[in-house]
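Taking it in order: structure first as structure tokens, then the write-up.
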Amino acid sequence: MIAIQNISKSYGDVKALNSISFRVEKGQLFGLIGPDGSGKTSLFRILTSLLKPTSGKATVAGFNTVTDYKDIRKIVGYMPERFSLYMDLTVEENLKFFATVFNTTIRENYHLIEEIYQMLEPFKNRRAGDLSGGMKQKLALSCALIHKPEILLLDEPTTGVDPVSRKDFWDILKKLQKSGITTLVSTPFMDDAELCDEVALVQKGEILKMDTPQNLANGFPHKLWKIVSENNYRTLKVLDEFETKISAFSFGNSVHLATGDDVDEQAIVNHLKQHNVKLISIAIIKAHIEDVFMDLMSHEKGSS
Amino acid sequence: MKTFIAFVSKEFKHIFRDRRTLIILFGMPVVLVTLFGFAITTEINNASIAVLDRSHDSYSRKLIDKISASGYFNIKSELQSFNQIEKSFSNGKIKLAVVIGNDFGKHLITGKNAEIQIVTDASDPNTANIISNYLMAVFQNFTTESGVLPPSNLKIDTRMLYNPENRSVFMFVPGVMTVILMLVSAMMTSITIAREKELGTMEILLVSPLRPWVITIGKVVPYLLLSIINAITILLLGLFVFKMPMHGSYLLLFSEIVLFILSSLMLGLLISTMASTQQTAMLGSMMGLMLPTILLSGFIFPISSMPVILQYISHILPAKWFIIIIKSIMLKGTGFKPIAFETGILAFITIVLAVMTIKKFKIRLE
């Protein structure tokens, strides 16, 4: 459904995208994972035909993003990074307006947004500007869905939204996927990534790795330890001097330490003890996608 | 068509739900007209003056009576000596002092030079000029009426055509209408489009089957309607509150007003294609349109007394031509023919702006 071939985008001297290529198959839920400034928004704007790539070619549902922009604009549902709604129009007015813009009516495609809109219904006469972040996001998604798009392009839809609403949102995306809609979604959150069929990890305009979340996590090349101690910060500092360490990052209330296969638990415990770190627990764990990303990023830093 | 109507009605909702917009749209015309009508005026009524009469004879008395009876002046004080003149001025009590020389009556009768001195406060040169002119007219009257001087061979009779009383309303009603229409049409449209860009809704509108002309015309139509309402309001105020005459055809006047509104709307659209935030749109239309309109259109300062460069600049301002047109229709009652040239220029400017806007309209973000 989406084919991206060697797309590059530069703004003056700044390279936002550096020869990116990937494909999204029909019905897939594809995740673009990366920190702010990694070029995700530029890619979305190229796919929605809002920007022309500096070089390379992209097609959406077979339409070229540069030459067939009119066709693309009929079949994509786009949710930009900020929730772009009319804050002074009510929930219902916003939805009605976008339905009319796409030559359809709310009733015609109500089944698509029914579930989301039911949550919004109590507020339908409230102005969009007075909604909470999660509600705004649901309204924006409803507006993007109202014309029954073949492809949904969602640029960081879960940024600025509380965790419960975020979970709701992903449930909705999963359901939409079942009805056959292809979705490309970007997010800076790693736990969102696991819900995608396939993810691409992007950093500085390049794809570091692309696979299913499962394969990515399984492909973590090191032994991974989860260390819980009384003071994460101190533990991290002490581990800096641990000679066989590959990487160590803070994860919530624990530290994830990657080491070579030959390192055993005793060596780590001894090292921490020597430096007076009060250890609570230590265990080997399976890598999470975030570990993979952190690992890849640290290589990037090391090489540059 | 359905999408177009939806777009226009959405636009009206934006306008009526934003208090700031409403104030600019409907408060501004009334405030400006009233301001210009009552406060900023170039007419003289009851200007405070002082008189120093050094002859105290029947002729000087008569002259002073004449001055105070004219209605333009209010004699605040009768002074006794020259020293008091300066003081009265520095107190700010008076705008002008009249000094009647010694033996005024005697000199008049014997045909010698009877002397009158006018002292004005030139820290406010406009007023000083105008009231001394008024006063000169009073003197002229006095000498002919009292028959003291043999009527001279050369008699100058100035008649002010189309505005015999030299009333400034005739000037400011067209002027204010021009400024308001410019403000509403150009500034407001450029701001609303910039707002869509700023809020990111433009991004969604672009990624939709909406045609560019729907977006553009949909933005313009509401402001066209509101501008027409504004023009009518100002006209009514001018006609009924300030007694501005209307000698020409209403249909012609109305068509010219619509043409001018269209040219301003095009200007607004052009600005909006270049401005990406509401702030720049506002500053752009303020600096680029409002100031030239007020200063260079001939509304306040006569174009003929401007430096040559500014005169050239004034030629490309739609406002200049519109003010000429509107005055011709209202005051002189001219038909289309005498203003065909001005109308042609206005239409030409409008078309050029429209073409530029269409060329510059972006179907993408860059």
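Within every chain, numbering begins at 1; the chains are lettered A, B, ... in the order of the sequence lines, protein sequences first and strands thereafter. These figures come from a predicted structure and were not determined experimentally.
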Checklist entry - Which of these, B:K10, B:K13, B:R195, sits in a side-chain hydrogen bond (donor to acceptor under 3.5 Å, both in side chains) with A:Y86? => result B:K10
Checklist entry - In terms of heavy-atom proximity below 4.5 Å to chain B, should A:I72 be classed as side chain, backbone, both, or neither? => result neither
Next on the checklist: Heavy-atom cut-off 4.5 Å, strictly under: side chain, backbone, both or neither for A:E93 against chain B?
Outcome noted: side chain
Item to check | For chain B, the option from A:I75, A:V101, A:T48 that forms the most heavy-atom pairs under 4.5 Å | outcome: A:V101
Checklist entry - With chain B, which of A:K74, A:R45, A:K70 has the greatest number of heavy-atom pairs at distances under 4.5 Å? => result A:R45
Answer yes or no: is there a side-chain heavy-atom contact under 4.5 Å between [X] and [Y]?
X      : Y     : value
A:D88  : B:H14 : yes
B:R17  : A:L89 : yes
B:V207 : A:S49 : no

Would one find more than 12 heavy atoms of other residues, nucleotides or ligands at under 6.0 Å from atom [atom1] of [X]?
X      : atom1 : answer
A:F189 : CZ    : yes
B:M282 : CE    : no
B:L291 : CG    : yes
A:Q5   : CD    : yes
A:Y110 : OH    : yes
A:E115 : CD    : no
B:M356 : CE    : no

Just verifying a value: how many Å separate [X] [atom1] and [Y] [atom2], rounded to the nearest 0.5 Å?
X      : Y      : atom1 : atom2 : answer
A:F98  : B:L205 : CZ    : CG    : 6.0 Å
A:Y78  : B:S208 : OH    : OG    : 12.5 Å
B:M202 : A:L50  : CE    : CG    : 11.0 Å

Please look at [X] and chain A and tell me whether the side chain, the backbone, both or neither of the residue comes under 4.5 angstrom of a heavy atom of that chain.
X      : result
B:R211 : neither
B:F4   : neither
B:I5   : neither

Checklist entry - If every non-hydrogen atom of B:L199 is compared with every non-hydrogen atom of A:S84, which pair is closest and at what distance? => result O-OG, 3.7 Å
